[in-house]
Amino acid sequence: MEKKFNYQINDREVIITRPFEAAHTNVWEAFTDSRILDQWWAPKPWNCHTKSQEFKVNGRWLYYMEGPNGERHYSYFDYKSIDPQNSFSGLDGFCDENGNSTEDQPSSEWKITFSSDKGICTMKASCQYPDEETMKTFLDMGFLEGFETGLNQLEELLKR
């Protein structure tokens, strides 16, 4: 298999692709079921904890990442479209523990698609930002490194 974590950066967009040697339905569930997301979404030594999830159009996933010293960073994902087993999209951003958006923190529009061929399920995430400065802020925060680490954790989880 080719390199596992591939990305390209355009004007205001980061596109990430990652193949998994796993059943399509298992990869889909890993991205859409909070019980599974909590097991891999945060890069170790951080942990992900879901407060609530409504995986439906206009629903929300509200979660926080907890660091090794107990610090918490809250985030949300507002689902805008869902094509079961194929794709979903939405707005990702930072918030307080009640889900109120944090205006001084950046947000991004995501579209995640899933395709399969010969036992390989490939996830493609397109993350669009309102401007290049916001995209740079995400990249400087370690977005690519953190997402790659999480996806590697997902790969290990899918092998179990």
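Atoms CZ and NE2, on R72 and H49 in that order, are 7.0 Å from each other to the nearest 0.5 Å. The CD atom of Q85 sits 9.0 Å away from the OG atom of S116 when rounded to the nearest 0.5 Å. For the atom pair CD1 (I16) and OH (Y7), the distance works out to 9.5 Å, reported to the nearest 0.5 Å. To the nearest 0.5 angstrom, S108 atom OG is 11.5 Å from M135 atom CE. How far CG of L154 is from CD1 of I36: 9.0 Å, rounded to the nearest 0.5 Å. Note that CG of N26 and CG of D33 are 11.5 Å apart. Values are rounded to the nearest 0.5 Å.
Inspection of the S81 and S89 side chains reveals an N or O donor paired with an N or O acceptor under 3.5 Å.
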Between Y79 and K56, is a side chain to side chain contact (heavy atoms under 4.5 Å, CB included) present by the stated rule, with each step listed? CA-CA 7 Å; Y79 300 104; K56 64 179 188 176; over 6 Å; no
Checking side-chain hydrogen bond (donor to acceptor under 3.5 Å, both in side chains) for the pair E13/S126: CA distance, chi angles, key distance, verdict? CA-CA 7 Å; E13 179 182 36; S126 165; 2.5 Å; yes
Audit row: K111, S87, side chain to side chain contact (heavy atoms under 4.5 Å, CB included) steps and yes/no: CA-CA 7 Å; K111 180 167 186 181; S87 67; 4.1 Å; yes
Stepwise side-chain hydrogen bond (donor to acceptor under 3.5 Å, both in side chains) test for Y63 and W41: CA-CA 10 Å; Y63 65 96; W41 187 255; 3.3 Å; yes
Take D131 and T134 through the test side-chain hydrogen bond (donor to acceptor under 3.5 Å, both in side chains) and record every step on the way to the result. CA-CA 6 Å; D131 51 57; T134 301; 2.8 Å; yes
Can F114 and F31 be said to form a ring pair (Phe, Tyr, Trp, His ring centres under 6.0 Å), step by step? CA-CA 10 Å; F114 304 86; F31 276 84; 5.3 Å; yes
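One N or O on the side chain of D38 and one on the backbone of T50 form a donor-acceptor pair closer than 3.5 Å. Judged by distance alone, with hydrogens and angles left aside, the side-chain atoms of R12 form no donor-acceptor pair with the main-chain N or O of E132 at under 3.5 Å. Without hydrogens or angle criteria, Q53 side chain to T32 main chain gives a donor-acceptor distance under 3.5 Å.
I15 and W110 fall into different hydrophobic clusters, where Ile, Leu, Val, Met, Phe, Trp and Tyr are joined by side-chain heavy atoms under 4.5 Å apart, directly or via other members. L62 and W40 are assigned to two separate hydrophobic clusters, defined by single-linkage of ILVMFWY side chains at heavy-atom distances under 4.5 Å. Under a hydrophobic-cluster definition in which Ile, Leu, Val, Met, Phe, Trp and Tyr are linked whenever side-chain heavy atoms come within less than 4.5 Å, directly or via other members, L91 and F55 are assigned to different clusters. Under a hydrophobic-cluster definition in which Ile, Leu, Val, Met, Phe, Trp and Tyr are linked whenever side-chain heavy atoms come within less than 4.5 Å, directly or via other members, M141 and Y76 are assigned to different clusters.
Side chains of E148 and R18 form no contact here, defined as non-hydrogen atoms less than 4.5 Å apart.
The salt bridge (charged side-chain N to carboxylate O under 4.0 Å, His left out) pairs that include a residue from residues 78-90 are R60-D78, where partners are two or more places apart or lie in different chains.
In this structure, the ring of F77 has its center less than 6.0 angstrom from the ring center of F88.
Using a 30° and 60° split on the angle between ring planes, Y129 and F138 fall in the tilted class, from 30° to 60°. Using a 30° and 60° split on the angle between ring planes, Y64 and Y74 fall in the tilted class, from 30° to 60°.
Heavy-atom minimum distance, K44 versus Q39: NZ-O, 4.4 Å.
Heavy-atom neighbours of E133 CD from other residues, nucleotides or ligands within 6.0 Å: at or below the threshold of 12. Atom NZ of K51 has more than 12 neighbouring heavy atoms from other residues, nucleotides or ligands inside a 6.0 Å radius. By the neighbour-count criterion of 12 heavy atoms within 6.0 Å, atom NZ of K136 is sparsely surrounded, having that number or fewer from other residues, nucleotides or ligands.
A salt bridge is absent between K159 and E21: the closest approach of a Lys/Arg side-chain nitrogen to an acidic carboxylate oxygen does not fall below 4.0 angstrom.
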